[in-house]
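Just follow the structure's listing: the first ligand is 1, and inside any ligand the first atom is 1.
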Amino acid sequence: MLAYTPTPVQELHDPLFEQSGVRVLIKREDLNHPYASGNKWWKLKYNLEEALLQKQKTLLTFGGAYSNHIYATAAAAKELGFQSIGIIRGEETLPLNATLHFAAECGMKLHYITRDSYRHKHEEQFINELYNQFGDFYRIPEGGTDELAVRGVEEFAQSLGDDFDYLCCAVGTGGTLAGLINGLPDRIQIFGFPVLKGVDYLADEIRKYVYPDKNNWRLVTGYHFGGYAKTTNELLSFIKQVEQLHALPLDFVYTAKVVYGVYQMVRNGDFRMNSKILILHTGGLQGRGA
Ligand SMILES: *Cc1c(COP(=O)(O)O)cnc(C)c1O
C-alpha cells in the first residue's frame with residue numbers, strides 16, 4: 001500500500017477563541033504523504049487495493065488541469081507501480097502547469113478532451129471508447145468519489161476518536177464528508193463547507209453514501225468566495241495571516257475557506273460554549289505552486 005505518515009493535531013490559539021469559550025484544533029492530514037496527501041490518500045486507499053487485487057496494470061481517472069485528485073493519483077500510481085492515464089478537461093496549454101507537469105513526471109499519460117465530451121465521462125458509451133483507445137484499466141471516477149473512497153474516509157474518521165464536539169471540513173464532491181459522517185459518533189456535529197457555488201444537488205449526493213440513520217451534519221454554504229477556485233483579496237490576506245500567526249499553510253481552493261468559515265462562525269456564536277472544534281486539513285497545498 002501507499003506509505004502513510006501519522007499526523008498531528010495542532011491547536012490554534014487566538015484571543016477570539018478564548019473569549020468565545022471554544023477550542024479550535026486542526027488535524028494536519030495534509031502531512032500524511034508527500035504527494036498523495038490529505039483526504040486523497042484515504043479516498044484512494046481502497047480503490048488502490050481493489051486495483052491490486054484485480055491485478056490491474058493501469059489506473060485511469062478524470063480531472064481538471066489543477067486537480068488535486070489527478071496529482072495524487074499520478075503519485076500513487078508511480079509509487080505502487082501502476083501505469084496511469086489522466087483524462088483532462090479542456091485543451092492542452094503549454095508549458096504544463098505545476099499540477100500536470102508533476103503528473104506527467106510521475107508517468108501519467110495525459111489525454112485532453114473537450115468540456116463537452118467531459119460531460120459524458122460517466123456514460124457507458126464514452127467509457128467503452130476509452131477501453132478501445134487505451135485497453136484495459138481500473139477506472140477511478142472524477143474527484144475519486146465512490147463507495148470505496150467513502151469507506152476509506154470512514155476508516156480515517158474512526159481513527160479520530162471522539163474527544164471533540166464539532167468536525168469541520170471543506171466539501172467538493174462530498175465523498176469525504178460522507179465518509180466522515182459514517183465514521184464519527186452521532187454526538188459529534190459535522191459541518192461541511194462547500195467550495196462550489198450553487199450546490200442544491202450536493203446534500204442528496206452525500207445522502208447516497210451516508211448511512212440512513214445519520215442526521216448530525218449540515219452544509220454551511222456561505223463560504224465559497226464566488227465558487228470553485230475563486231478567491232478574493234480578503235481570503236488571500238487571511239491565508240497570509242494564518243500562516244504567520246499559526247505556521248499553518250492553507251490553500252485558497254479548499255482549506256482556507258473552511259478555516260475562514262470557522263472563524264466567522266465563532267464570531268457569530270454558532271458553536272456551544274466550552275466546545276471543541278476539530279477542523280480537518282484535507283491537503284491541497286500542491287495547488288499553491290500552480
Ligand atoms: C478534493 C479535495 C477536497 C474535497 O473532497 P471531496 O471528497 O470531493 O468533497 C477537499 N479538500 C482538498 C484539499 C481536496 O483536495
Side-chain angles (χ1 to χ4, degrees), residues 7 26-47 61-76 86 89 98-99 102-103 140-157 167-183 190-197 199 201-210 217-221 223-225 227-229 231 235 239 248-262 279-290:
T7 63
I26 185 160
K27 173 68 170 168
R28 294 292 308 274
E29 207 55 20
D30 55 307
L31 299 171
N32 64 7
H33 188 283
Y35 306 112
S37 69
N39 63 335
K40 298 304 186 282
W41 194 99
W42 292 98
K43 292 181 76 173
L44 284 168
K45 177 178 181 182
Y46 285 107
N47 271 302
T61 196
F62 308 82
Y66 296 92
S67 165
N68 294 332
H69 168 67
I70 288 285
Y71 186 97
T73 305
R89 182 183 61 229
T99 304
F102 172 85
I140 303 175
E142 183 192 36
T145 292
D146 59 10
E147 300 270 342
L148 292 177
V150 173
R151 195 211 292 176
V153 178
E154 175 176 347
E155 181 182 312
F156 165 71
L167 189 287
C168 298
C169 178
V171 175
T173 64
T176 301
L177 198 73
L180 293 169
I181 295 165
N182 286 345
I190 301 161
F191 292 147
F193 293 70
V195 301
L196 288 87
K197 197 165 74 175
V199 289
Y201 63 90
L202 196 53
D204 284 337
E205 194 57 32
I206 290 168
R207 271 186 216 105
K208 284 185 197 163
Y209 294 102
V210 164
W217 62 280
R218 71 178 176 90
L219 296 175
V220 180
T221 51
Y223 299 102
H224 57 66
F225 287 84
Y228 184 73
T231 189
L235 189 66
I239 291 173
L248 174 66
L250 299 173
D251 79 300
F252 71 86
V253 180
Y254 292 102
T255 52
K257 292 179 181 178
V258 48
V259 176
Y260 186 99
V262 167
I279 302 171
L280 175 58
H281 197 314
T282 42
L285 299 175
Q286 71 88 12
R288 309 207 315 169

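Judged by distance alone, the side chain of N32 and the main-chain N or O of G38 form a donor-acceptor pair under 3.5 Å. The closest donor-acceptor contact from the side chain of K40 to the backbone of G144 lies at 3.5 Å or more, if one exists at all.
N39 ND2, 3.0 Å is the protein heavy atom nearest to atom 5 (O) of ligand 1. Looking from atom 8 (O) of ligand 1 to the surrounding protein, the closest heavy atom is T173 OG1, 2.6 Å. Nearest protein heavy-atom neighbour of atom 10 (C) of ligand 1: Y254 CD2, 3.2 Å. Protein heavy atom nearest atom 2 (C) of ligand 1, with residue, atom name and distance: K40 NZ, 2.4 Å. Scanning all protein heavy atoms for the shortest distance to atom 11 (N) of ligand 1 gives T282 OG1, 2.7 Å.
For the pair H281 and ligand 1, no heavy-atom separation below 4.0 Å is found. Ligand 1 does not have G143 within reach: every non-hydrogen atom of the residue lies 4.0 Å or more from it.
Close approach of ligand 1 to G283 is summarised as follows: ligand atoms under 4.0 Å from at least one heavy atom of the residue are 13 (C). Atoms of ligand 1 lying under 4.0 Å from any heavy atom of G175, numbered from 1 in the order shown and given with element: 7 (O), 9 (O). Each of the atoms 6 (P), 7 (O), 8 (O) of ligand 1 lies under 4.0 Å from some heavy atom of K43.
The side-chain contact (heavy atoms from CB on, under 4.5 Å) check on E155 picks up W42, K45, Y46, with sequence neighbours excluded. Scanning for side-chain contact (heavy atoms from CB on, under 4.5 Å) contacts around D251 gives V253, Y254, T255, L285, R288, with sequence neighbours left out.
Aromatic ring orientation, F193 versus Y223: tilted (interplanar angle from 30° to 60°).
F156 has its side chain within reach of L280: a pair of non-hydrogen atoms, C-beta onward, lies under 4.5 Å apart. At least one side-chain heavy atom of I70 sits less than 4.5 Å from a side-chain heavy atom of T61.
At a 3.5 angstrom cut-off on N or O pairs, V171 does not count as close to ligand 1. Taking only nitrogen or oxygen atoms, main chain and side chain alike, T255 does not reach within less than 3.5 Å of ligand 1. Of the N or O atoms in D251, none lie within a sub-3.5 Å distance of an N or O in ligand 1. Residue contacts with ligand 1: G284 is placed with no nitrogen or oxygen under 3.5 Å of a nitrogen or oxygen of the ligand (distance criterion only).
Side-chain contact of N68 with Q286: a donor-acceptor pair under 3.5 Å is present, judged by distance alone.
Between F102 and Y35, the distance separating the two ring centers is shorter than 6.0 angstrom.
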